[in-house]
Amino acid sequence: MKYDFTTIEKKWQTRWKDENTFACKNGDPRPKFFGLVEFPYPSGAGLHVGHPRPYTAMDVIARKKRMDGYNVLFPIGYDAFGLPTENFAIKNHVHPAEVTKQNIENFTRQLHMLGYSFDWDRCVNTTSPNYYKWTQWIFLQHYKHGLAYKTTMPVNWCTSCKCVLANEEVVEGVCERCGAPVVRKEKSQWMLKITAYAQKLIDGLDTVDFIDRVKTQQRNWIGRSTGAEVTFKATTGDDIVVFTTRPDTLFGATYMVVSPEHRFVKEWKDKLSNWDEVATYVEAAGRKSDFERTELSADKEKTGVMLQGVRAINPVNGREIPIFISDYVLASYGTGAIMAVPAHDTRDWAFAKKFGCEIIEVVSGGEDVQKEAFTAKDDTGIMVNSDFLDGMTVKDAIPAITKWLEEKGIGHEQVNYKLRDWVFSRQRYWGEPIPMVWCDKCGWVPLPEDQLPLLLPAVKSYEPTDDGESPLSKITDWVNTTCPCCGGSAKRETDTMPQWAGSSWYFLRYMDPHNNQALASKEALDYWGQVDWYNGGMEHTTLHLLYSRFWNNFLHDIGVIPHAEPYAKRTSHGMILGKNPHYVGNVDTEKEKQALIDKYGSQALRPSVKMSKSLGNVVNPDDVIRDYGADTMRLYIMFIGDFEKTATWSDESVRGCKKFLDRVWNLSEKLKEGDCSPENELAVHRAIKKVSDDIEAMKFNTAIAALMSLVNDFYTKGATKGDYKQLLLMLSPFAPHLCEELWEINGYGGQVCLQPWPEYDESKTVAATAKMAVQVGGKVKANIVVDAGASDEEVVAAALAEPKIAKLAEGMELVKSIVVKGKLISLIFKPKA
RNA sequence: GCCGGUGUGGUGGAAUUGGUAGACACAGGGGACUUAAAAUCCCCCGGUAGCGAUACUGUACCGGUUCGAGUCCGGUCACCGGCACCA
């Protein structure tokens, strides 16, 4: 019989669907396991090969956990609000809801074809009103607890989407979604105070099991730094507060810089003799985008203007120092003002050199500070020219000066974070309406909770307006409403929430997806608790992963959910790349290579690149499934390489995996009757150990290699039905359809996915004899076979008795011998005296 | 510039964390079966020298520790990812 994967896969998918095989129950007495993958954005292009990697991995884990006896929640849903759908709708004059519906149908079809063991009863969709009702509800809780506020501020404005972007959505000065330039624009925006959770988000990392690079990246993004705020008096009498992480260098502060936006600049207008020059600089800085202001940061030529007519007084020595404005000082960090210590800060040094400011060394231990700034903050530096700090190390000087500043009432310790509040408004249609009402009398009034969900109204055109308002602003009968507070006439907020809103809590909804009374019942939240294992992409580390931790911490603080941290464990997969059609390695002659480099530049030097339509290297999962079957697709994507690293798709290797499944299939007809055979016992028990451990460690490629080895053994030694049964159990998480079919054909009873995971006996993973290498002087010279239980003395004796070794030992004296049990013997000789 | 990661055959990648480098595959070569091809099955496959057993050499580069280093330490180079005037 031939391995007809198309028929087999369809058969089992239908059966799993009809029998609801993977539905799980809340409150089941077995131990629970909540495995989570990032739910997809249902784009028009359908599933791409990037999706099956994390999904198959977690499916393998979920299937194994079920066989291990867990009550497994392995859900899926759709993160369906967002710009691409809206843009498609605008272009093709279809309602975004209709586009979304079609895309979800296509995704659902594709996900079913891959045989994932999702609990489809719990499928969620962020655009469905009974889902976004709770997204809006959570926003109202933020508002009620003072974490949502509206403010006018310069924001990132995408010139093409006509929409505000969060800092996280701006990549290298352009819009992450459409690639259009991003400029700064003053707008009134809803904000979420994620900065109030900066410390909790750092501390929480210590309580969870995330891979290190995720923790590091989040810590860096939050960017905590400890320093001091110090007040400098200006000659106008004003107090200028600066933030510094190096209060120890205060005696070296020879000038001060404030950001062009600093309030004193305007306030001092009448006192500045060079106001015109100052005003010109301020205006120019305001026009630049954040990107222009910060690009090429360190190398960039510093610019600035000295404020003529006002000076600052260094509080530690009473010296009058000049004040500059410069755009290298950011208004949005610290106090928007710094004390400049050119001797010990590279940026201040570059500025001082250009503007001829004085450079005074206050920490010795480096090179000449007139030639280079000395920035070491460790014990290598000793304080000089610093009065009472002289002679101290930097490490001791920091607390000493901080204490002094506090006693004098001119400074104190201060912690700052790079993290900024989350811009939560989007001037777009396809998002959750923000449930707030503006009343001229009462101000912003939250919609009463019993009026949720606030439905997204039907609208004729989804185009954003030219003045940057949301399309909703044109629907006057929706906008005009009554104030829930005073009953007077009022207007609704017309901005919608960003794409990240719905995904910030979706894992909670899976616990109790049909609940109309709460986002999830207390029982469901208590039962499922934290997500046990969340796998997703590194690109979400500072976006979705941080946002959802914030929301979860907040919901915990207000008593809605039992855990502060949503995810107990977070792992991450590498990307799948395609072959580069323009790679220089594809051609033979130097001439051809040079032609490729001339045409494509550095692109031509990479063997692998991101898949893209224009390069024609996109792999469509539908095609792979049609040609090789879902089981081969699954197996290959797990075999492709180290799960955490990027990998390149290879059609040839897919065929290799198909060949392996063919071999498994063909073996079924060659089986001998009987239980596990003694000749295969060692190999089977070793394989069970290896595959079990490797799945837990996400070393799927070596787990599959072990299964391939086992099949090779079965071919050489022959296999019984008992041996084969073990193989099918272990292979079933990777190739579930094939294994179900073979399980049924061989009459093992029931379904393989419902069987217990095989156990191994440690004693049966050890061979009776061991082949050991014998090293002389660190080099392998011979191999011997010894009894597994042999003592070190016996092993050394056997090694010395080996003819080659005996020959080498002639005239020599054994100085030392090292035995690594079951592996090798290392012998060290010296000539006999 | 700072932070994190990677560097192993023609290719994807293994190596129980200091113990026989190249598992398992792909590609390639040879053989069996076949009228033939495909499929399948078996064998070979880092480099150099040799008919051969074998010897030497080999994990980006230089040096060190060790009986023993892909793995640890010091330095260098290249590439990838993140952050980037955050005081």
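Quick note on labels: first sequence line is chain A, next is B, and so on, each numbered from 1.
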With a 3.5 Å cut-off and no angle check, do the side chains of [X] and [Y] form a donor-acceptor pair?
X: A:Thr231; Y: A:Asp239; answer: no
X: A:Glu38; Y: A:His540; answer: yes
X: A:Thr702; Y: A:Asp694; answer: yes
X: A:Tyr328; Y: A:Asp348; answer: yes
X: A:Arg663; Y: A:Asn712; answer: yes

Rounded distance in Å between the [atom1] positions of [N] and [M]:
N: B:A32; M: B:A38; atom1: C1'; result: 16 Å
N: B:A55; M: B:A78; atom1: P; result: 39 Å
N: B:G22; M: B:G10; atom1: P; result: 16 Å
N: B:U66; M: B:U71; atom1: P; result: 16 Å
N: B:C72; M: B:U65; atom1: C1'; result: 8 Å
N: B:A39; M: B:U34; atom1: C1'; result: 11 Å
N: B:U6; M: B:A15; atom1: P; result: 13 Å
N: B:A60; M: B:G9; atom1: P; result: 8 Å

Output yes when at least one side-chain N/O atom of [X] is less than 4.0 Å from OP1 or OP2 of [N], else no.
X: A:Tyr333; N: B:A87; answer: yes
X: A:Thr702; N: B:C24; answer: no
X: A:Arg655; N: B:A25; answer: no
X: A:Lys659; N: B:C26; answer: yes
X: A:Asn701; N: B:G12; answer: no
X: A:Lys2; N: B:U40; answer: no

Counting the atoms with a prime plus P, OP1 and OP2 as sugar-phosphate, which does [X] contact under 4.0 Å by heavy atoms, base, sugar-phosphate, or nothing?
X: A:Asp693; result: nothing
X: A:Phe639; result: base
X: A:Gly223; result: nothing
X: A:Thr648; result: nothing
X: A:Ile640; result: sugar-phosphate
X: A:Ser225; result: sugar-phosphate

For B:U6, glycosidic torsion class - syn if within 90° of 0, otherwise anti: anti
Audit row: A:Asp345, A:Lys377, salt bridge (Lys or Arg N to Asp or Glu O under 4.0 Å) steps and yes/no: CA-CA 11 Å; A:Asp345 182 282; A:Lys377 208 181 168 179; over 6 Å; no
I need the [atom1]-[atom2] distance between [X] and [N], as an integer number of Å.
X: A:Lys645; N: B:G4; atom1: NZ; atom2: P; answer: 18 Å
X: A:Leu661; N: B:U40; atom1: CG; atom2: P; answer: 12 Å
X: A:Arg213; N: B:C2; atom1: CZ; atom2: P; answer: 22 Å
X: A:Leu330; N: B:C83; atom1: CG; atom2: P; answer: 16 Å
X: A:Ile704; N: B:G12; atom1: CD1; atom2: P; answer: 18 Å
X: A:Met638; N: B:C24; atom1: CE; atom2: P; answer: 21 Å
X: A:Asp327; N: B:A84; atom1: CG; atom2: P; answer: 16 Å
X: A:Lys377; N: B:G1; atom1: NZ; atom2: P; answer: 21 Å

Within 6.0 angstrom of A:Lys353 NZ, more than 12 heavy atoms from elsewhere: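 Enclosed: over 12 neighbouring heavy atoms sit under 6.0 Å from NZ of A:Lys353.
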Given RNA chain B, 5'-ward residue of the pair A:Cys657 and A:Ala773, judged by closest heavy atom: A:Ala773
Which residue lies more 5' along RNA chain B, comparing A:Met772 with A:Asp348 via nearest heavy atoms: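 Its nearest nucleotide lies further toward 5', so the answer is A:Met772.
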Between [options], which nucleotide has the shortest distance from any of its atoms to the side chain of [X]?
X: A:Leu824; options: B:G4, B:G19, B:C24; result: B:G19
X: A:Lys823; options: B:G4, B:G19, B:A25; result: B:G19
X: A:Lys699; options: B:A15, B:G19, B:A87; result: B:A15
X: A:Ala705; options: B:C24, B:C56, B:A87; result: B:C24
X: A:Thr245; options: B:G4, B:A87, B:C83; result: B:A87
X: A:Trp221; options: B:U20, B:C83, B:C85; result: B:C83

Dot-bracket line, read 5' to 3' along RNA chain B, where crossing pairs take [ ] and | marks a partner on another strand, Watson-Crick or G-U under 3.5 Å: (((((((..(((......[....))).(((((.......))))).((((....))))..(((((..]....))))))))))))....
Identified side-chain hydrogen bond (donor to acceptor under 3.5 Å, both in side chains) counterpart of A:Ser608 within the set A:Thr646, A:Asn580, A:Asn617, A:Thr648: A:Thr648
salt_bridge(A:Arg246, A:Asp248) N-O dist < 4.0 Å: yes
A:Arg53 bridged to A:Asp642 by N-O distance under 4.0 Å: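 No, no charged N to carboxylate O under 4.0 Å.
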All pairs passing salt bridge (Lys or Arg N to Asp or Glu O under 4.0 Å) where residues 774-785 of chain A contributes a residue, at least two apart: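 The answer is none; no pair qualifies.
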Residue pairs, two or more places apart or on separate chains, that pass salt bridge (Lys or Arg N to Asp or Glu O under 4.0 Å) and touch residues 646-655 of chain A: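 For residues 646-655 of chain A, and leaving out neighbouring residues, the salt bridge (Lys or Arg N to Asp or Glu O under 4.0 Å) pairs sorted by first residue read A:Lys579-A:Glu652.
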Six-ring centre of A:Tyr583, A:Arg606 cation under 6.0 angstrom, axis tolerance 45°: no
Restricting both atoms to N or O, compile the protein contacts to nucleotides 42-50 of chain B shorter than 3.5 Å, with distance only.
none

Partners passing side-chain contact (heavy atoms from CB on, under 4.5 Å) against A:Lys830 (at least two apart in sequence or in another chain):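 side-chain contact (heavy atoms from CB on, under 4.5 Å) list for A:Lys830, sorted by chain: A:Glu813, A:Val815.
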Base-contact (B) and sugar-phosphate-only (S) positions in nucleotides 60-70 of chain B, heavy-atom cut-off under 4.0 Å, - elsewhere: -------BS--
Side chain to side chain donor-acceptor pair (under 3.5 Å) assessment of A:Asn416 paired with A:Ser225: CA-CA 5 Å; A:Asn416 264 323; A:Ser225 56; over 6 Å; no
Heavy-atom donor-acceptor pair, A:Lys302 side-chain to B:C85 base, under 3.5 Å: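 Looking at the base of B:C85, it does pair with a donor or acceptor on the side chain of A:Lys302 (distance under 3.5 Å).
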Near-ring test A:Tyr255/A:Phe355, centroid separation under 6.0 angstrom: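 Ring centroids of A:Phe355 and A:Tyr255 are no less than 6.0 Å from each other.
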